[in-house]
Amino acid sequence: MPGWGVLLALAFGGFITWTVAISACIVLFIIMAALVLSRLADFDRVITYANELLSNPGAAAPILETSETAQRLLAILMALRHLWADRRDAADDLAKTRQEILDSLPDPFFLLDRQRRVVGANASARQLFELERGSNLAGRDLAGVIRDPKVLEAADAALLHNRRTEAMFTLPAPVERTFGALIVPLSKITADGTGLIIALHDQTERMKMDRMRADFVANASHELRTPLASVLGFIETLQGPAKDDEEAREKFLDIMLKQANRMTRLIDDLLSLSRIELREHTRPTDAVDINVLLRNTIELLDRQIKERHATVTLDVAPGIPTALGESGELSQVFHNLLSNAVKYGGEAGRVEVSVTVSDVRPPAMPGRGACIKISVRDFGEGIAREHIPRLTERFYRVDTARSRTLGGTGLGLAIVKHILARHRGALVIESDVGKGATFTVYLPPTT
Ligand SMILES: Nc1ncnc2c1ncn2[C@@H]1O[C@H](COP(=O)(O)OP(=O)(O)O)[C@@H](O)[C@H]1O
Ligand SMILES: [Mg+2]
């Protein structure tokens, strides 16, 4: 521009002819145009170069020869490319970590978009719904995964009102399980479209425990109420109609004593069960001589054995190691098993107790190596196969009336089971109806 101004001024002043001035202007214009075009071509090359690099982010960047200005532009583009690559790597790492965190959660977890379609799931969810990694879970409507209408309604409500909702549902197969679903809408939709999360929590065990607790309280109350009602009834009779009946008084007082003893036994058993449960997670540490323990226990049962005219034999193999346990609790185990064998082994029954070392542990016993095996065998009427797995449940009895008549509380084997769990031992029950029953206790040795 200043060049053209000077030429025009010289032409006006008559220092050069107009022809020369105009020709010089044209030459100047051509030079400028050539310069601008060469710069533009430079920028064009930079743009093509940048395009190629951006569409191929991993590739190395070759050197590009350009003018200094284009080089500066190129430097800015390259810096942006680096920044973008770093951000992309960070985003990839974040996505991987997020999946790792989700997979480490034991509870099933789903990520959904706002149209209720699955965006992602953790390993536990895939396993629960039998979906292999990589199977086409993404994009499925929630109804294609969890069919329960309660969950679908809760998910819709969470999306509609933008608030967390909850629902319970049951999966029938392979084993019936009840889950609680917590459904939470996210305040911001993430880059992958996640706008809603569903966390499942297996409630089967808790519900079972709740039911067991309620059943236990109902059973315990019932067991106590029956003798109590009988005692109260006899007191009323003794205060009223049988007031002066000497013979009835003797008879009724005898029954009342039996009922009161029954209540005492029940309360003792309930207390010992709760004490054992409290200590169940601390292992006993004493070295117990099983031979001595069994002899003492048999002696304690002497009266009951004589009353039933039973015979108890004890056969201890040589070299039995001491058991790792607590003698008070182990004595309770064998007291219960021996008293059952004497009670249910029939009048004048034979009870055989044997102690050996077993090289293999039963599947129910934790740990490895040899263990002490104590079998209590009777030759009574035995137990039908269907009852065996339930015998260690509290208050479970094959014949409630018979157990009560024989002074049972229905808690003996439950106590045995809990004590053995604390000792990391095991109880195995075998029986043939009509031929008797064998209750075998496995205990870990010391050392
Ligand atoms: N040796 C046995 N022979 C047959 N049945 C038995 C024997 N031991 C236990 N049972 C059955 O298991 C049930 C539960 O035993 P237990 O828990 O000791 O309660 P209880 O003896 O107070 O009834 C008994 O009621 C009885 O039906
Ligand atoms: Mg018993």
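Each ligand, and each atom within it, is numbered from 1 in the order the structure gives.
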What atoms of ligand 1 come within less than 4.0 Å of a heavy atom belonging to [X]?
X: Arg397; answer: 23 (O), 25 (O)
X: Thr409; answer: 22 (O)
X: Arg402; answer: 27 (O)
X: Asp378; answer: 1 (N), 2 (C), 3 (N)
X: Ser403; answer: 20 (P), 22 (O), 23 (O), 25 (O)
X: Gly410; answer: 17 (O), 19 (O), 20 (P), 22 (O), 23 (O)
X: Val398; answer: 27 (O)

Using atom types as modelled and distance alone, determine if a side-chain donor or acceptor of [X] lies under 3.5 Å from a backbone N or O of [Y].
X: Thr194; Y: Thr190; result: no
X: Thr446; Y: Thr322; result: yes
X: Asp378; Y: Gly345; result: no

Just checking: Asn340, one of its N/O/S atoms, less than 2.8 Å away from the Mg ion (ligand 2), yes or no?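 Under 2.8 Å: Asn340 contacts the Mg ion (ligand 2) through an N, O or S atom.
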Closer than 4.0 angstrom: is that true for some heavy atom of [X] and an atom of ligand 1?
X: Asn336; answer: no
X: His387; answer: no
X: Gly380; answer: no

Does anything in residues 382-395 pair up under side chain to side chain donor-acceptor pair (under 3.5 Å), and if so which pairs, sequence neighbours excluded? Glu277-Arg394, His387-Tyr396, Arg390-Glu393
In the protein, what heavy atom is nearest to [atom], and what distance, to one decimal place, separates them?
atom: atom 5 (N) of ligand 1; value: Ile383 CG1, 3.3 Å
atom: atom 18 (O) of ligand 1; value: Asn340 ND2, 2.8 Å
atom: atom 16 (P) of ligand 1; value: Leu413 N, 3.7 Å
atom: atom 7 (C) of ligand 1; value: Tyr344 CD1, 3.5 Å
atom: atom 11 (C) of ligand 1; value: Leu391 CD2, 3.9 Å

How many angstroms lie between atom CZ of Arg303 and atom CG of Leu300, to the nearest 0.5 angstrom? 12.0 Å
Judged by modelled atom types alone, do Thr440 and Ser375 share a side-chain donor-acceptor pair under 3.5 Å? yes
Polar contact flag, side-chain donor to acceptor under 3.5 angstrom, Asp103-Gln99: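 Looking only at side-chain atoms, Gln99 and Asp103 do form a donor-acceptor pair, the distance falling under 3.5 Å.
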Which part of Lys343 is near ligand 1, with near meaning a heavy atom under 4.0 Å away: side chain, backbone, both or neither?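 Lys343 to ligand 1: side-chain contact only, backbone stays beyond 4.0 Å.
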Does ligand 1 come near enough to Tyr396 that some N or O of the ligand is less than 3.5 Å from an N or O of the residue?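 No, since none of the N or O atoms of Tyr396 sits under 3.5 Å from an N or O of ligand 1.
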Can you label the angle between the Phe234 ring and the Phe252 ring as parallel, tilted or perpendicular, going by 30° and 60°?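 Phe234 and Phe252: tilted rings.
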Are the side chains of Thr409 and Glu223 in touch, meaning some heavy atoms are under 4.5 Å apart?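 Side chain of Thr409 against side chain of Glu223, heavy atoms only: no contact under 4.5 Å found.
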Could you tell me if the ring centre of Phe110 sits under 6.0 Å from that of Phe129? yes
Hey, which of His418, Glu329, Arg283 is the one that makes side-chain contact (heavy atoms from CB on, under 4.5 Å) with His423?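 The side-chain contact (heavy atoms from CB on, under 4.5 Å) with His423 is passed solely by Glu329 among His418, Glu329, Arg283.
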